[in-house]
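In what follows, a single structure is set out as structure tokens and then discussed.
Atoms within a ligand are numbered from 1 in the order they appear, just like the ligands themselves.
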Amino acid sequence: MKRVKLGINIDHVATVREARRIFEPDPVASARECIKAGCDSIVCHLREDRRHIKDADVIKLRKAVPVLNLEMSIARDIVDFACRIKPDQVTIVPEKRQEITTEGGLDVKKGEARLRQVVRRLHENGIDVSLFINPSIEQIDATIRVGARIVEFHTGKYAGADCSRDRKTQLDILKRASSYASAKSLTVNAGHGLNYDNVKPIAKILCINELNIGHSIISRAIFTGIKRAVKDMISEIK
Ligand code: PXP
């Protein structure tokens with residue numbers, strides 16, 4: 001049986017480097033180790049404030065890894081940069097300067113006109129486009145209207161649920177949204193807040209193609225090394 005793919009977000013490696021603003025730890029070297037350990041793609045978020053990943057990292061990653069998924073907003077200079085670098089995939093995320101991490105999904109419905117333009121431009125440059133959205137029918141329908149063929153569902157509410165009842169409710173929402181999106185021929189990915197304890201029920205959702213995970217893997221890597229941390233996650237999602 002085909003296993004769910006694993007994309008690893010390496011932003012935190014760059015965050016540690018930026019604590020000293022020097023050369024180590026190198027996100028590109030960490031990405032190579034993740035690939036050697038068996039993950040399917042590398043994800044990094046080029047934020048507008050460049051607080052962790054820098055343009056130069058993305059340029060090096062493009063050459064160093066077989067599949068690069070660039071998370072980004074639709075700021076004009078970032079879209080221009082993506083069109084020059086041509087990652088395999090772009091995941092469009094909402095971005096607020098003050099946030100610690102990406103809070104919630106894109107409001108595709110609200111930003112439809114601009115998103116349609118950006119999706120078209122990225123496609124014209126040979127880049128697959130995913131939209132990071134909350135698992136709602138309204139947002140899935142808007143994703144289809146703007147022409148994207150991949151969605152990534154924000155799993156933050158599921159991961160942050162504080163009781164098993166709430167977690168089950170959030171899981172059911174994700175299951176329903178996944179079936180709906182898949183029936184509409186979208187590729188379905190998911191991520192945010194997933195860890196070694198909560199990932200299994202999400203990996204079991206039939207139509208999920210890929211999970212994108214960062215924080216929990218990089219956290220474990222401090223104790224086990226990154227290859228072990230990646231392999232442990234792959235065995236959880238098998
Ligand atoms: N997917 C997207 C679109 C994200 O923005 C993030 C966080 O950068 C992740 C997945 C990974 O989330 P986490 O670090 O909580 O695993």
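With respect to Phe153, the side chain to side chain contact (heavy atoms under 4.5 Å, CB included) criterion is satisfied by exactly one of Asn189, Ile173, Ile202, Leu174: Leu174.
Remark: side-chain polar atoms of Tyr158 are not paired, donor with acceptor, to backbone N or O of Asp172 under 3.5 angstrom.
Residues that satisfy the ring pair (Phe, Tyr, Trp, His ring centres under 6.0 Å) test with His123, not counting sequence neighbours, are absent from this structure. For the side-chain contact (heavy atoms from CB on, under 4.5 Å) test, residues two or more places apart in sequence or in another chain that qualify with Asn125 are Cys83, Lys86, Arg121, Ile127.
Listed by chain and residue number, the protein contacts of ligand 1 are Asn9, Glu71, Val93, Thr101, Thr102, Phe132, Glu152, His192, Gly193, Asn212, Ile213, Gly214, His215 (heavy atom within 4.0 angstrom).
The minimum heavy-atom distance linking Val16 with Pro25 is given by the pair CG1-CD, 3.7 Å.
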Report all side-chain donor-acceptor pairs from residues 128-137 shorter than 3.5 Å, counting only partners two or more places apart or in another chain.
unit_1, atom_1, unit_2, atom_2, d
Asn134, OD1, Gly105, N, 3.1
Ser136, OG, Gln139, N, 3.1

